[in-house]
J.: 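This is the structure I want to talk about, given as structure tokens.
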Amino acid sequence: MKHYQPTEAQRERVSRSKRIVVKIGSALLAKGGTAIFSQLAGQIAAWMPPEKECVIVSSGAIAFGIDVMGLKKRPTQVSLLQAAAAAGQPRLQQHWSKAFARQNIHVAEVLLTHADLANRERFLNARHALAALIAHGVVPIINENDSVSTDEIRVGDNDSLSAQVASLVNADLLILLTTVDGLYTANPDKDPTATHIPLVTHFGVIEDFATSESGISGLGVGGMHTKVQAAKTCSKRGIAVVIADGRTPQVLKKILAGKTVGTLFLPSIRVASRKHWIGFTLKPTGVLRVDAGATDALVRRGRSLLASGITHVEGKFDRGAMVEIVGPSGPIARGLAAYAAHELTQLMGKNSKDIARILGYVSIPEAVHRDDLTLLEYHHE
Ligand code: GLU
């Protein structure tokens with residue numbers, strides 16, 4: 001089987017990425033030692049705002065917790081795992097804040113569960129909070145909220161969580177840092193005929209390579225299988241993914257410089273298909289009728305929908321609901337409403353700066369943010 005190297009155009013696409021999610025696995029933190037925190041923080045600081053924006057998904061709470069609680073190995077009992085996560089998370093966070101403080105960068109801690117991502121209102125809340133952190137140059141450090149997660153609400157592994165976070169923040173690139181330099185045709189530790197795969201543009205046979213190598217570390221729960229699944233999730237949303245060995249010197253710098261490092265997953269679809277998901281997967285539960293000015297702003301100028309352009313609000317819906325946006329000559333877009341129907345009824349025709357006075361709070365200044373909106377006829381953005 002012939003393995004293709006990424007072309008120059010494909011590598012350039014990676015280096016142009018603006019919003020990047022970096023996921024650090026437990027195995028890497030265990031093998032790389034605490035030096036890994038400062039190495040990664042240093043590299044991230046080198047590409048921070050305004051050029052690039054970064055969100056980190058960091059494992060390691062349970063691994064640190066095992067140490068804090070003096071356990072000999074990873075417990076199997078759920079309550080002990082949850083206790084270890086709770087005991088280890090502050091230590092994990094402390095390592096990140098110290099490492100970034102040396103770069104004069106502030107960090108924030110965000111703990112999520114699957115329930116936060118599955119519920120549209122909580123999804124939007126998380127998205128807006130993260131967007132505000134990013135806009136202020138603060139690096140969000142995200143982990144699963146393991147100590148309160150039950151089976152029903154768990155994401156389960158941070159590879160999947162990072163793919164969901166990449167979609168949540170509308171990232172261009174997800175970098176999964178681990179202790180293997182990407183995907184091989186078989187487990188390279190066990191099979192000498194295993195060959196490295198530098199580029200993946202189609203899934204299928206690739207998924208078979210990865211199934212044999214799951215649950216490798218004993219500290220974390222992921223493996224190559226969950227990483228490839230994460231890449232697949234991202235590909236549906238138009239997000240590129242790199243799996244690389246986090247111990248490679250200057251690994252992040254090299255990836256962003258367009259060097260061939262690890263395995264690059266480049267989806268064939270270039271459309272931001274997360275928007276496709278907003279536009280065509282969810283069902284509208286209300287209608288926002290807008291004036292000609294707002295129609296022009298949405299259709300021709302790539303803007304968000306502001307309350308001032310809304311003329312009618314139809315239907316009963318909560319914040320985060322999918323609504324259809326209808327201009328003077330018909331439906332133009334679909335999007336996630338940042339406010340509930342009764343709130344938008346109060347806000348329509350009003351200036352964004354009056355939101356606080358009218359509602360007593362401001363979620364975001366827009367009624368439907370551009371990132372949460374899909375035009376019905378123009379899917380090319
Ligand atoms: N959330 C877990 C932790 O911080 C890690 C999950 C994983 O290894 O993917 O320990």
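Order of appearance sets the numbers: ligands from 1, and atoms from 1 within every ligand.
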J.: Give yes if a backbone or side-chain nitrogen or oxygen of G156 is under 3.5 Å from a nitrogen or oxygen of ligand 1, and no if not.
T.: no

J.: Pick one of side chain, backbone, both or neither for how S59 approaches ligand 1, counting any non-hydrogen atom pair under 4.0 Å.
T.: both

J.: Report the distance from atom CD of E314 to atom OG1 of T285, rounding to the nearest 0.5 Å.
T.: 12.5 Å

J.: Does the N or O separation between N158 and ligand 1 drop below 3.5 Å for any pair?
T.: yes

J.: By number and element, which atoms of ligand 1 are closer than 4.0 Å to a non-hydrogen atom of D146?
T.: 1 (N), 2 (C), 3 (C), 4 (O)

J.: Return the minimal non-hydrogen interatomic distance between V155 and E144, and the atom names on each side.
T.: N-OE2, 2.6 Å

J.: Going from OH on Y184 to CG on D191, what distance comes out if it is rounded to the nearest 0.5 angstrom?
T.: 12.0 Å

J.: Counting from 1, what ligand 1 atoms have a heavy atom of S26 closer than 4.0 Å?
T.: 8 (O)

J.: What class does the angle between the rings of F37 and H95 fall in, given that below 30° is parallel, 30 to 60° is tilted and above 60° is perpendicular?
T.: parallel

J.: Near I62, which atoms of ligand 1 are under 4.0 Å from a heavy atom of that residue?
T.: 3 (C), 4 (O), 10 (O)

J.: Pick one of side chain, backbone, both or neither for how N143 approaches ligand 1, counting any non-hydrogen atom pair under 4.0 Å.
T.: side chain

J.: For ligand 1, find out whether one of its N or O atoms is nearer than 3.5 Å to an N or O atom of G60.
T.: yes

J.: Do D172 and K18 meet the salt-bridge criterion of a basic N to acidic O distance under 4.0 Å?
T.: no

J.: Under 4.0 Å from a heavy atom of D157: which atoms of ligand 1 are those, numbered in the order shown and with their elements?
T.: 9 (O)

J.: Against ligand 1, does A85 come closer than 4.0 Å with any heavy atom?
T.: no

J.: Does an N or O anywhere in A63 fall below 3.5 Å from an N or O of ligand 1?
T.: no

J.: Which heavy atom in T113 sits nearest to a heavy atom in R122, and how many Å separate them?
T.: OG1-NH2, 4.5 Å

J.: How long is the span from the OG atom in S59 to the CG atom in L161, to the nearest 0.5 Å?
T.: 8.5 Å

J.: To the closest 0.5 Å, what do you measure between CD (E53) and CZ (R19)?
T.: 4.5 Å

